[in-house]
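Notes follow the structure.
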Amino acid sequence: MTLDGLEHATQARIVAVDWPALAGDEAKRLRALGVDEGAEIKVLHRGVFGTRDPLAIRIGRMTIALRRAHAAAIEVEPA
Amino acid sequence: MSRDDPPRTRTAALVGNPNSGKSALFNTLTGARQKIANYPGVTVERKAGRLVLPDGEAVELLDLPGSYSFDAASPDEAVTRDVVKGSFEGEATPDVLVLVMDASNLEQHLVFAQEVLELGRPTVVALNMVDLAERDGLTLDPAALSEALGVPVVPTVAVRRKGLAELTAAIAEAEAHAAEDVRKNWHLSLPERRLSAKHIARAAILSTTARHTIENGVDRLLLNPWIGPVILFGLLFVIFQAVFAWATPFADALEGGVGLLSGAVTDTLPEGLVRDFLTEGVLAGVGSVVVFLPQIVILFFFILVMEASGYMARAAFLMDRLMAGVGLSGKSFIPLLSSFACAIPGIMATRSISDPKDRLTTILIAPLMTCSARLPVYAVVIAAFIPATSVGPGVGLQGLVLFALYVAGIVGAMIVALVLRGTVAKGAASGFIMELPRYQLPRLRDLAIGLWQRAWVFLRRAGTIIFAATIALWVLLSFPQAEPGESQLDASYAGTVADVLHPALEPVGFNREMSLALIPALAAREVAVSALATTYAVDAEDEDLAAQGVTDRIAGLWSLPTALAFLAWFVFAPQCLSTIAVARRETNGWKWPIFMLAYLFGLAYIFAGITYWSAVALGL
């Protein structure tokens, strides 16, 4: 399952990240924010309009916003 | 007798993650006397201030851009990395690094901290916002952290000046102390660094009481897919009201002040070129800039409050989907919003956009947002040609036309953004990744410092160029001097230029007077009104009377298609020169400002033409 399909407020763990699918700087930024294998993650909020894009996720003690396109590259499993 | 060279001023630099409270700490340490400039060659702001150490020595304190990593993902981060490592040309390597960490987010901030400490420079850690950590139920052990990192750790609360004396003392001793610091031979990979950050954080946290943080609850409301946008638009409505309504008395007062000064000059100096130069050139020029200051200060007040409270990132979150539709991201929203007051602060605000293509596109479309300088032009033409009839309960036709002009600008901007993203600013669809910081109560002192700095930057940048342009225009309009009985405007260089321009503008329905008014409008759009006043020889004391006079005159002289074409022209209006100057500064060259000028002139011409001929065809 990827992060964009993760149920709201369900605690999950990152299993793998498809880094090549992300633009270079975006991969760097995500990694710097703590997105990496093993990290605990949870979807807190979803954006407006039909697509429910972007997402606000909890990682560590931070809330970060990212797009569904990024979330689709992040493989998670419920923790 | 030779004298010893004075000792070089030592420098210290604040480094840390974004949202570590670094800027608040900087403001508290240095006070309001800060020097803001650009790092050479890049549009990254260099903030420096003076920090007085306990022994009276003054050091230069730099506030480096917040960074997540030395592996830079944005120009800001590259500057921080290069300055800290001493490889930034023209910037001295800081003697002391002050590493700022958010006490309640140690696990994350320790990752970058390790990268900084690996450099082995004299370093002091400011464990900042310990009060917020306590609010979140964290009890920390600074000594354990100091032990683990091998450098002094000082707990601080920048907003309450807590720990500042200890911090400055530690900065003073940092270089002497550096030899005693235990240097860990890190050099780890990122995953290793993250793991070690986790261990260090765990050792430094004495206890955690699970306490509900306010963020999630507040965000559930503010980021709610239905309520969130309603709140945002409510807030935007208040901001707009404030910018346009609250600013008026101040703007009027400033205008009155300039008017009084102008009157005093007229009374004291004999009639002649010098007097005209001072009143029509210098004072009119300065006045046309200063009059926007109240609006800009009010706008920036709201922007700073939104930024400092943490709401700005939420606004970007809410608007991201909409902006993604034209290839931009939520980060472009605030700069574009600011441009409704004036494109200059809008373009300056694009610095927060990390993606260079996104930023360029935002700069290029910012002038399409209807800035307040266009209002006087719209107001005069609408009053003259659009009947004040009602088209529905509470909806007047004049207001509707004004609204349509705003919408035309926005729609135009969106289309241009789409086209630019597919052509000159082509690149991977821009992403949107940002931290949503914790909510905080903005501090008055930080707001005041921020407002002062932005107002000053605006006055300096816009003031110099508008001043120069107004004087140039005054020369164009005043020379050569008219023979008795001849109109000064007809005789002037500007008149000659208008004669050249007119044939080109005739196809879109512009008469010669309008062509002439477009020339001074380049300095500032609203000047078009006073230029028309002069052209139509309206004898009026102040702008309001002039506007009234112009309204009456053009209502009789212009056809409706001509008037509509003039409005359409101003929707896409060629830039005022100060916007061009700011765009040049922010894009580091003439290429993009010239492109901007060309495409806006092109659009203005085409749409004025379409409007004119459609109106003629419809028999208006």
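Computed from a predicted structure; not experimentally measured. Naming convention: chains lettered A, B, ... in sequence-line order (proteins, then strands); numbering from 1 in each chain. The basis for the numbers below is simple: all heavy atoms, side chains too, and nothing from hydrogens, waters or symmetry mates.
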Quick one: CZ on B:Arg194 to CD on A:Glu37, what's the gap to the nearest 0.5 Å? 12.5 Å
Contacting region of B:Ala324 [heavy-atom separation from chain A under 4.5 Å]: both
Does any backbone or side-chain atom of B:Leu138 lie under 4.5 Å from a heavy atom of chain A? Answer side chain, backbone, both or neither. side chain
Qualifying residue, where the test is side-chain contact (heavy atoms from CB on, under 4.5 Å) with A:Arg61 and the options are B:Leu106, B:Asp102, B:Asn105: B:Asn105
At a heavy-atom separation under 4.5 Å, does A:Leu55 approach chain B through its side chain, its backbone, both, or neither? backbone
Would you tabulate the side-chain donor-acceptor contacts of residues 69-79 of chain A under 3.5 Å, counting partners in other chains and residues two or more places apart, or write 'none'?
{"from": "A:His70", "atom 1": "ND1", "to": "A:Arg67", "atom 2": "N", "distance (Å)": "3.1"}
{"from": "A:His70", "atom 1": "NE2", "to": "A:Glu26", "atom 2": "OE1", "distance (Å)": "2.8"}
{"from": "A:Glu75", "atom 1": "OE2", "to": "A:Met1", "atom 2": "N", "distance (Å)": "3.0"}

Check whether any side-chain heavy atom of B:Pro225 sits under 4.5 Å from a side-chain heavy atom of A:Arg46, and report yes or no. no
Comparing A:Thr63, A:Leu44, A:Leu66, A:Ile59 against chain B, the one with the most heavy-atom pairs below 4.5 Å turns out to be A:Thr63
Shortest non-hydrogen pair, B:Ala73 vs A:Asp25, comes out as O-OD2, 3.4 Å
Heavy-atom pairs under 4.5 Å with chain A, option from B:Phe317, B:Phe112, B:Tyr68 with the top count: B:Phe317
Relative to chain A, which segment of B:Leu223 carries a heavy atom at a distance below 4.5 Å: side chain, backbone, both, or neither? both
Could you tell me which of B:Lys198, B:Arg438, B:Arg220 has the largest number of non-hydrogen atom pairs under 4.5 Å with chain A? B:Arg220
Donor-acceptor contact below 3.5 Å, side chain B:Gln108 vs main chain A:Ala32: yes
Rounded to the nearest 0.5 Å, how far apart are OG of B:Ser74 and NZ of A:Lys28? 9.5 Å
Determine yes or no for a side-chain-to-main-chain donor-acceptor pair under 3.5 angstrom, with A:Arg29 supplying the side chain and B:Ile433 the backbone. no
Per-residue tally against chain A (heavy atom, under 4.5 Å) across B:Pro437, B:Pro191, B:Ser69, B:Ala72 peaks at B:Ala72
From CD (B:Glu435) to CD1 (A:Ile64), nearest 0.5 Å: 8.0 Å
Interface check, chain A: of B:Asn19, B:Asp71, B:Asn224, B:Asn17, most non-hydrogen pairs under 4.5 Å belong to B:Asp71
Kindly compute the distance separating CG (B:Asp219) from NE2 (A:His45), expressed to the nearest 0.5 Å. 4.0 Å
